Amino acid sequence: MQPQKQMPAERFRSLTWKQTNLVVFTALFFAIAISIVEILLLVTSEREALQSSQTEVLDSIEQPVENAVWALDDHLARQTLEGLLKIDYVSSAVITLDDGSLFVSVGNATPLPDDLFSAVSLKLFGEFQQVSRQLYEPAYLGHRQAPQMIGTLQINYSPRALTQTLSNRLQMSFIATLTRALLITLVLSLLFHRFLTQPIARIGEAIDRIDPESPDEHLLPMFNNHQNDELGRVSAKFNQILIQFGKTQAKLRKLATRDSLTGLPNRTLLIEALSVAIQRASVHNSNLVLLFIDLDRFKNINDSLGHSRGDQFLIRIAMLLKRFVGKKGLVVRLGGDEFVILTEYLHSPNQAVDYVEKLFEQLKLPIKLGDHVIHPSASVGIALYPDDGDSAEALLRHADIAMYSAKAAGSNKWAFFKQQMTERAVTRLRMEASLYEAIQNHEFLLHFQPQMNLQNGKLTGCEALIRWQRGDKLISPMAFIPIAEETGIILAIGKWVIEQSCKTLSHWQKHYGFETTIACNLSAKQFADPELIPYIKRMVMRYQIPPKCLEIEITETSFMNDVEQAIAKLQQLKTAGFGIAVDDFGTGYSSLSYLRRLPLTTLKIDRAFISGLPENNAIASTVLTLGKQLDLQIIAEGIETQQQFDWLKHHGCAMGQGYYFSAPVTLEQFESDYVLPQANMASKTTESSS
């Protein structure tokens with residue numbers, strides 16, 4: 001077995017050396033940059049000075065030269081031009097007459113050699129290499145017309161001489177700048193090493209000596225000249241950490257732990273704060289309360305008013321909760337319409353209940369969003385530490401489970417967590433998965449309960465009641481319909497019930513010539529489905545049955561959230577010929593105020609008001625009277641005894657259903673007991689009449 005090759009240790013690079021290199025290169029960079037700027041400034045200055053000088057020279061000799069040319073005095077002209085050669089950078093001068101002939105020339109205008117220096121010289125001063133001015137007859141002659149040109153003066157400059165002078169000045173400037181930069185670099189490197197890198201190196205050596213088991217035995221050195229600067233503060237803070245190791249807490253992270261819409265802490269911060277609160281409660285042997293809040297009907301607000309209004313609503317709720325809790329707790333938004341309140345100031349279940357009731361009072365206050373007024377309500381789950389969990393995750397999960405229990409009880413309800421709730425939640429998850437399988441595997445079937453005419457004992461219709469055939473076990477709808485409601489599977493189940501009812505009605509008509517009514521129950525969620533009415537109409541057309549044979553049953557909760565929309569939907573159904581019944585009438589608190597406005601055909605008296613007959617008959621009597629006044633059919637549910645039947649028949653109740661007549665039975669049993677006898681009777685009546 002070959003020994004493993006050790007990776008070569010990375011070569012140590014001194015901070016002083018790195019710092020010196022950095023300072024040197026920085027100084028060189030700035031020296032070069034400054035030199036470039038100086039070159040540009042100096043070139044610009046030289047060009048401006050040269051241009052001004054050329055103008056002054058031409059102005060100063062213009063008149064003497066014009067006099068010499070006018071007098072054709074070549075001697076005077078030459079003397080004047082020779083004076084120009086004494087001016088810096090002037091190489092030659094030439095005077096030509098107006099006919100182009102040479103009059104006087106001084107100096108030598110030698111061509112520039114073909115090299116880089118000449119090219120640079122022409123680039124910098126090429127435009128100033130020659131200057132000229134036209135000469136006119138002297139002004140003292142007094143001509144009235146424009147003076148006549150008598151010649152041209154041309155002065156030639158040496159660009160190489162100009163560039164050479166500029167180059168010499170720039171070399172001296174660059175050397176001086178570079179020297180200053182290097183001296184500053186050397187001084188700074190020594191100072192940095194003395195006052196910065198050397199103390200850092202000593203701190204690094206001290207850190208290497210720290211023993212994790214006894215961190216306070218080897219503190220970092222403190223330097224007199226760094227007492228009040230960053231290095232001294234770092235050493236002091238680090239020493240505090242070593243001394244108080246494990247006692248300090250990190251500040252709450254803000255950027256990653258805040259809800260972007262409301263500004264409240266999010267789930268991450270909640271878990272951290274809850275964990276710290278649990279530790280504190282454990283040390284002090286105290287309690288804490290976690291409230292899981294879910295807003296009721298928030299989806300309706302989003303769907304009807306739009307997501308923008310929904311966001312405004314959430315922001316207002318967040319402000320309300322924050323104001324309500326104040327400094328005695330933490331308000332968190334988990335997402336959607338779910339909020340959490342954590343408080344360490346409640347020490348008993350009774351205090352928690354009082355706290356939630358006060359919260360409900362605040363939530364009952366209407367919230368105005370534009371032209372809309374919303375009355376908030378919520379369901380609250382309550383979990384207590386240490387009774388309902390000893391970790392942040394467990395408490396949050398149990399409060400969530402308790403919230404679902406509260407939501408099942410209605411709006412503005414609260415519930416404590418109990419262990420049985422966890423078991424029910426597990427059962428619910430399994431049930432939810434099984435419901436999806438039931439739809440795919442065609443495990444649902446319909447039972448039918450007859451509806452009888454109480455006056456003559458004849459069948460008037462039936463109610464379709466769903467059952468779930470799970471293997472050999474027949475599962476009651478009470479066990480799975482609430483879960484189907486929560487998960488949304490109720491939409492698919494409801495459509496199946498409607499189609500099977502239409503299919504059954506079609507089968508009875510075609511095979512038995514039998515026509516009756518089947519009542520189908522609609523859940524609140526199904527009634528709110530925008531595809532409901534088109535689907536019902538489509539099924540009736542598909543199976544070719546009269547709309548009056550299908551009766552739609554709704555509960556009070558189906559239309560209470562949006563009465564106007566419910567009226568519009570029911571009106572469409574009634575106009576199309578469908579029967580409409582209100583099921584479980586009388587169990588709500590506001591049915592009477594809306595009953596006159598709803599386009600109904602049938603009113604069903606809830607079994608709760610039938611069970612007390614004949615002794616407790618006040619509500620049943622009222623409903624019968626109301627139904628007659630509104631010209632509605634009345635069906636009494638849950639008739640089980642002869643006394644109940646007799647009372648209802650005596651008081652004019654038209655129809656009824658219940659175990660007194662028959663329990664819900666299978667399709668085959670219903671056909672055998674009711675469809676076939678009724679069909680045969682109708683057939684005999686037809687034969688006798690013929």
Side-chain angles (χ1 to χ4, degrees), residues 35-141 143 146-177:
S35 298
I36 292 173
V37 173
E38 288 182 346
I39 290 172
L40 295 175
L41 293 175
L42 190 57
V43 167
T44 302
S45 175
E46 285 294 324
R47 286 165 58 89
E48 292 175 353
L50 180 61
Q51 185 177 18
S52 176
S53 173
Q54 289 176 341
T55 302
E56 290 178 0
V57 169
L58 289 173
D59 291 343
S60 64
I61 68 169
E62 180 180 8
Q63 186 175 353
V65 171
E66 286 178 345
N67 293 335
V69 172
W70 176 255
L72 296 178
D73 188 347
D74 59 343
H75 179 70
L76 176 60
R78 184 178 299 279
Q79 284 183 338
T80 303
L81 294 183
E82 286 178 349
L84 290 175
L85 297 179
K86 297 179 182 179
I87 299 175
D88 291 341
Y89 317 123
V90 175
S91 60
S92 63
V94 177
I95 298 175
T96 57
L97 298 178
D98 57 347
D99 59 359
S101 60
L102 179 66
F103 181 58
V104 174
S105 175
V106 297
N108 296 317
T110 58
L112 295 174
D114 188 11
D115 56 12
L116 179 62
F117 192 81
S118 298
V120 173
S121 300
L122 289 174
K123 186 71 175 176
L124 295 176
F125 302 106
E127 61 183 291
F128 303 105
Q129 188 175 4
Q130 289 182 351
V131 292
S132 61
R133 180 168 291 183
Q134 293 178 345
L135 304 175
Y136 296 88
E137 56 187 5
Y140 61 80
L141 296 178
H143 297 289
Q148 182 179 355
M149 189 181 74
I150 58 176
T152 302
L153 170 64
Q154 177 179 307
I155 304 174
N156 298 316
Y157 285 77
S158 173
R160 286 182 67 92
L162 285 165
T163 305
Q164 186 63 49
T165 302
L166 180 64
S167 175
N168 293 337
R169 292 175 62 184
L170 289 175
Q171 287 179 8
M172 294 300 296
S173 176
F174 178 74
I175 291 172
T177 301

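Small disclaimer: the values here were computed from a predicted structure and weren't measured.
- A search for side-chain hydrogen bond (donor to acceptor under 3.5 Å, both in side chains) contacts involving Gln79 returns His75, not counting sequence neighbours.
- One finds the CD1 atom of Ile95 at 9.5 Å from the CZ atom of Arg78 (value rounded to the nearest 0.5 Å).
- Taking CD of Gln130 as the start and CG of Asn156 as the end, the distance is 4.5 Å to the nearest 0.5 Å.
- Rounding to the nearest 0.5 angstrom, the gap separating the CZ atom in Phe103 from the CG atom in Asp73 is 7.0 Å.
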Please report, to 0.1 Å, the donor-acceptor pairs under 3.5 Å made by any side chain of residues 55-62, with sequence neighbours excluded.
| from | atom 1 | to | atom 2 | distance (Å) |
| --- | --- | --- | --- | --- |
| Thr55 | OG1 | Gln51 | O | 3.1 |
| Asp59 | OD1 | Arg133 | NH1 | 2.6 |
| Asp59 | OD1 | Arg133 | NH2 | 3.1 |
| Ser60 | OG | Glu56 | O | 3.3 |
| Ser60 | OG | Val57 | O | 2.8 |
| Glu62 | OE1 | Arg133 | NH1 | 3.0 |

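- Taken from CD1 in Ile150 to OG1 in Thr96, the straight-line distance is 11.0 Å, to the nearest 0.5 Å.
- Side chain of Glu66 to main chain of Leu135: no donor-acceptor pair is present (N/O by atom type, distance under 3.5 Å, no hydrogens or angles).
- Proximity of Leu153 to Leu81: side-chain heavy atoms (C-beta onward) are separated by under 4.5 Å at one or more points.
- Side-chain atoms of Ser52 do not come within 3.5 Å of backbone N or O of Glu48 as any donor-acceptor pair.
- Side-chain atoms of Gln154 do not come within 3.5 Å of backbone N or O of Ser132 as any donor-acceptor pair.
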